[in-house]
Amino acid sequence: RQRQMCIRDRFGIAPSTLRKFLRAVIAGYHANPYHNFRHAFCVFHVCYNVVRMTAIREILGNGDVLALLVAALVHAIDHPGVNNDFLIRTRDELALLYNDHSVLEHHHASTTFTMLRDNDAINIFAALDEEAYTDVRRNVIAALLATEFVKRDRRDDTAQTVFVHSFTNVDYVFGKV
């Protein structure tokens, strides 16, 4: 029988902390037609199943999996329902704050880490040592920045290479069929 992933146990995340974190994440989403919590949960579910059912779990460390799953949940948190181009063209405060660079993606990362920093009751990273926290934070931010569609064709980082290789090599993902 395949061993279950239990990231919560591996990183010392108390069930009550996880519940409070999830409630805060849900509350951070708006009732947008697309970028809402239902969409975020669908992305989370796909990421979870890719890790659970493919060979990618042999490449990613536990911290990478934690970062991926958290990024999936928060990848559109506090999304205003418009795109980066609109924010930039209207000189929105977010566009000014992030200097027209991956505006929403930076906002989702900042919103998430500010929320965690400001509320110990929801800080799912509280038990991580400094090195683990730094790695997870870096990977969450990288995953969120990688969600910007406009720049996706220009990205050539390790995470993308691993994912592209994994999803295009059936034998690698599923083993010999």
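- In this structure the side chain of Lys20 never reaches within 4.5 angstrom of the side chain of Asn119, judged on heavy atoms.
- Cluster membership check: Val50 does not share its hydrophobic cluster with Val43, using side-chain heavy-atom separations under 4.5 Å among Ile, Leu, Val, Met, Phe, Trp and Tyr.
- Between His101 and His106, the distance separating the two ring centers is shorter than 6.0 angstrom.
- Scanning both residues, Asn139 and Asp64, for their nearest heavy atoms gives ND2-OD1, 3.1 Å.
- Aromatic pair His75/His39: centroids less than 6.0 angstrom apart.
- Taking the side chain as every heavy atom from C-beta outward, Met115 and Ile77 approach each other to under 4.5 Å.
- In this structure, CZ in Phe125 is found 11.5 Å from OG1 in Thr134, a value given to the nearest 0.5 Å.
- Using modelled atom types, no side-chain atom of Tyr29 and backbone atom of His35 make a donor-acceptor pair closer than 3.5 Å.
- Transitive grouping of hydrophobic side chains (ILVMFWY, heavy atoms separated by less than 4.5 Å) brings Val136 and Tyr48 into a common cluster.
- More than 12 heavy atoms of other residues, nucleotides or ligands sit less than 6.0 Å from atom CZ of Arg8.
- No donor-acceptor contact under 3.5 angstrom links the side chains of Asn36 and His30, judged on distance only.
- Interatomic distance, CG of Asn62 versus CG of Asp135, reported as 12.5 Å (0.5 Å rounding).
- When every heavy atom of Val74 is checked against every heavy atom of Phe21, the shortest pair comes out as CG1-CZ, 4.3 Å.
- The nearest pair of heavy atoms linking Ala109 to Ile141 is CB-CG1, 4.1 Å.
- To the nearest 0.5 angstrom, His45 atom NE2 is 4.5 Å from Asn49 atom CG.
- The same ILVMFWY cluster, assembled from side-chain heavy atoms under 4.5 Å apart, contains both Phe41 and Ile26.
- Looking at Asn32, its side chain never comes within 3.5 Å of a backbone N or O of Tyr34 through a donor-acceptor pair.
- Val51 places a side-chain heavy atom less than 4.5 Å from the side chain of Leu68.
- The hydrophobic cluster containing Val103 does not contain Leu145, counting ILVMFWY residues as joined when their side-chain heavy atoms lie under 4.5 angstrom apart, directly or transitively.
- In this structure, Arg137 is positioned above the aromatic face of Phe113, its NZ or CZ under 6.0 Å from the six-membered ring centre and within 45° of the axis.
- In terms of heavy-atom proximity, Ala24 sits nearest to Ile122 at CB-CD1, 3.9 Å.
- Note that the OG1 atom of Thr111 and the CG atom of Asp78 stand 4.5 Å from one another [nearest 0.5 Å].
- Residues Ile124 and Ile13 approach most closely at O-CG1, 3.3 Å, considering heavy atoms.
- The distance from the CZ atom of Phe11 to the CG atom of Leu18 is 13.0 Å, given to the nearest 0.5 Å.
- Among all heavy-atom pairs drawn from Leu73 and Ala40, the shortest one is O-CB, 3.4 Å.
- In this structure, the side chain of Arg91 does not engage the main chain of Ile88 through any donor-acceptor pair within 3.5 Å.
- Rounded to the nearest 0.5 angstrom, Leu144 CG and Glu105 CD are separated by 8.5 Å.
- There is a path of hydrophobic side-chain contacts, each under 4.5 Å, that joins Tyr133 to Ile7.
- Side-chain atoms of Pro80 and Phe86, non-hydrogen and from C-beta on, never get closer than 4.5 Å to each other.
- In this structure, His79 has its ring center under 6.0 Å from that of His108.
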